[in-house]
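Worth knowing before you read on, the calculation uses all heavy atoms, side chains too, and leaves out hydrogens, waters and symmetry mates. Numbering of residues begins at 1 and proceeds along the displayed sequence.
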Amino acid sequence: MLLLRTALLTIIMILIYPVTSYSSVNLTYATTIGDAGTIPSADVVHSSESMKVPPSVGTFVILIPNEAHENWSDEKHKLITDKNSYYVPTNLIVPNGTAIVFLHADAPWDTPNPHTIELQDSSRNVVYSTGQLDYTLSSKPIVLPSPGTYNIIDKSYDTKEAKITVLNNETSSGNSIVGGFYTPSNQVENAEDNDGVSHPGSLQYYKEAFNNDGFDILSEYNFTYATCDYCPGEYWPDNKSGEHTLLIYSTKQPLSDALAKLGKLVKDNVYI
């Protein structure tokens with residue numbers, strides 16, 4: 001009987017081992033920080049243009065990146081990237097009850113680029129509007145009314161399709177704030193805007209600044225986007241560089257405090 005039990009146990013271990021190994025491999029694509037839950041890493045968010053957050057996230061801050069006013073059909077070369085160009089992420093998946101905030105980081109150069117974002121349900125009913133959202137400001141948080149898929153519509157510009165999916169089998173139960181942020185990977189040669197004001201933002205700067213402001217950087221991913229065939233360096237000059245980094249951050253400070261600090265961090269960026 002003992003030999004039979006041993007043999008059966010061995011067979012069971014052999015059968016489940018591949019599943020266990022596969023799960024371990026999958027976990028390398030996520031970042032777990034304390035009780036913030038498992039957050040997809042920046043490289044996965046970049047490549048998949050999708051992000052699913054755990055129930056421990058109470059609020060997700062969707063970034064409207066620099067150059068988000070440029071036309072998706074004709075002016076892709078002016079964007080920071082062709083991945084998550086208009087929203088970080090393009091496709092967000094959240095538990096029911098998660099609050100959503102939009103952060104405006106589309107910097108003005110000669111003229112402002114205000115955005116008005118609507119969320120539409122599957123019947124194209126508008127369930128939320130940010131109203132006119134100006135540079136460095138955040139929208140009021142919204143908890144979407146029911147599980148389902150909501151399209152993100154920019155009423156001002158021609159953007160890539162994006163959506164938020166609210167799950168019906170998970171419920172938000174935490175208070176972590178999570179979001180994404182773009183920065184030049186290196187200090188740029190010219191950090192001044194067209195008014196001569198210098199902006200310190202770079203990866204090195206933000207690693208310290210986020211920490212000082214009470215944020216944890218969960219992961220980062222460096223990428224290159226230089227597709228302007230007539231631009232010096234092949235990148236659109238408003239972006240100051242072709243080398244960029246996507247940061248995924250988290251914090252548990254009060255939302256009003258976090259959004260005020262994020263607004264200043266946006267203004268510090270050299271995307272101006």
Side-chain angles (χ1 to χ4, degrees), residues 28-31 33 39-51 61-70 72 75-90 103-109 113 135-136 160 178-194 197-251 261-272:
T28 64
Y29 294 99
T31 302
I33 302 294
I39 307 295
S41 60
D43 60 328
V44 171
V45 174
H46 176 82
S47 61
S48 69
E49 296 190 85
S50 181
M51 187 173 186
V61 181
I62 298 178
L63 183 76
I64 304 172
N66 193 43
E67 303 298 345
H69 60 281
E70 300 292 1
W72 174 246
E75 298 180 308
K76 293 180 184 179
H77 62 285
K78 297 182 180 181
L79 303 170
I80 288 179
T81 171
D82 60 352
K83 301 281 191 179
N84 302 305
S85 317
Y86 298 97
Y87 312 98
V88 181
T90 301
L103 172 62
H104 187 316
D106 186 8
W109 181 248
N113 304 305
Y135 180 55
T136 75
K160 187 177 181 179
V178 173
F181 195 90
Y182 283 132
T183 175
S185 301
N186 307 295
Q187 292 184 341
V188 301
E189 183 177 349
N190 176 16
E192 293 185 351
D193 61 25
N194 59 342
V197 178
S198 183
H199 299 256
S202 67
L203 178 57
Q204 180 180 357
Y205 170 81
Y206 281 118
K207 282 185 173 181
E208 181 176 347
F210 269 90
N211 180 68
N212 290 342
D213 281 345
F215 295 87
D216 294 317
I217 294 179
L218 305 182
S219 61
E220 62 186 72
Y221 179 69
N222 301 325
F223 62 91
T224 300
Y225 188 71
T227 62
C228 181
D229 56 9
Y230 61 86
C231 300
E234 297 189 354
Y235 59 86
W236 189 246
D238 288 8
N239 288 327
K240 300 284 188 171
S241 172
E243 304 296 326
H244 310 280
T245 301
L246 170 61
L247 302 175
I248 303 298
Y249 63 82
S250 175
T251 186
K261 293 173 183 177
L262 286 169
K264 182 181 183 302
L265 292 171
V266 167
K267 197 169 186 178
D268 287 344
N269 216 326
V270 298
Y271 300 141
I272 32 78

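Taking the six-membered ring wherever Trp is involved, the centroid distance between the rings of Tyr271 and His244 falls below 6.0 Å.
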Step by step, work out the side chain to side chain contact (heavy atoms under 4.5 Å, CB included) result for Val61 and Tyr249.
CA-CA 10 Å; Val61 181; Tyr249 63 82; 3.5 Å; yes
For Asn239 and Tyr225: C-alpha separation, side-chain torsions, deciding distance, then whether side chain to side chain contact (heavy atoms under 4.5 Å, CB included) applies.
CA-CA 10 Å; Asn239 288 327; Tyr225 188 71; over 6 Å; no
Test side chain to side chain contact (heavy atoms under 4.5 Å, CB included) on Tyr230 and His77; report intermediate values, then the result.
CA-CA 10 Å; Tyr230 61 86; His77 62 285; 3.4 Å; yes
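Rounding to the nearest 0.5 angstrom, the gap separating the CG atom in Asp193 from the OG atom in Ser198 is 8.5 Å. If you take OG on Ser202 and CG on Asn186, they are separated by 8.0 Å, rounding to the nearest 0.5 Å. Atom CG of Asn222 sits about 10.5 Å away from atom CG of Asp43, to the nearest 0.5 Å. Interatomic distance, Glu67 CD to Thr81 OG1, rounded to the nearest 0.5 Å: 12.5 Å. Leu103 CG to Ile62 CD1: the interatomic distance, rounded to the nearest 0.5 Å, is 10.5 Å. Atoms CG and OG1, on Asp216 and Thr251 in that order, are 7.0 Å from each other to the nearest 0.5 Å.
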Name each donor-acceptor pair under 3.5 Å that joins a side chain in residues 204-211 to protein atoms two or more places apart or in another chain, with its distance.
unit_1, atom_1, unit_2, atom_2, d
Tyr205, OH, Asp268, OD2, 2.7
Tyr206, OH, Leu265, O, 2.5
Tyr206, OH, Asn269, N, 3.0

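The nearest pair of heavy atoms linking Lys83 to Ser47 is NZ-O, 3.6 Å. Contact detail for Thr245 and Ser185: the closest heavy-atom pair is OG1-OG, 2.7 Å. Here the closest heavy-atom approach between residue Pro237 and residue Cys231 is recorded as CD-SG, 4.1 Å. Of all heavy-atom pairs between Tyr87 and Pro65, the closest is N-CD, 3.9 Å. Residues Leu63 and Ala105 come closest through the heavy atom pair CD1-CB, 3.6 Å. Here the closest non-hydrogen pair linking Leu203 and Leu247 is CD1-CD2, 3.7 Å.
Using a distance-only test at 3.5 Å, with no hydrogens or angles considered, a donor-acceptor pair links the side chain of Ser219 to the main chain of Ala42. Tyr182 places no side-chain N or O within donor-acceptor distance of the main-chain N or O of Val88, the cut-off being under 3.5 Å. Side-chain atoms of Asn190 come within 3.5 Å of backbone N or O of Glu192 as a donor-acceptor pair. Distance alone, capped at 3.5 Å, is enough to place a donor-acceptor pair between the Tyr86 side chain and the Glu70 backbone. Judged by distance alone, the side chain of Asn84 and the main-chain N or O of Val45 form a donor-acceptor pair under 3.5 Å. Lys261 places a side-chain N or O within donor-acceptor distance of the main-chain N or O of Asp213, the cut-off being under 3.5 Å.
Residues Glu243 and Thr224 have side chains that bring a donor and an acceptor to within less than 3.5 angstrom of each other.
Taking the six-membered ring where tryptophan is involved, the planes of His46 and Tyr221 are tilted, since the angle between them lies from 30° to 60°.
The neighbour count for Lys267 NZ, taken as heavy atoms of other residues, nucleotides or ligands under 6.0 Å away, does not exceed 12.
Proximity of Phe215 to Leu262: side-chain heavy atoms (C-beta onward) are separated by under 4.5 Å at one or more points. When side chains are defined from C-beta on, Gln187 does not count as touching Val270, because their heavy atoms never get closer than 4.5 Å.
With Tyr135 as the partner, the side chain to side chain contact (heavy atoms under 4.5 Å, CB included) test is satisfied by one option alone out of Asn66, Asn113, Ile272, Asp106: Ile272.
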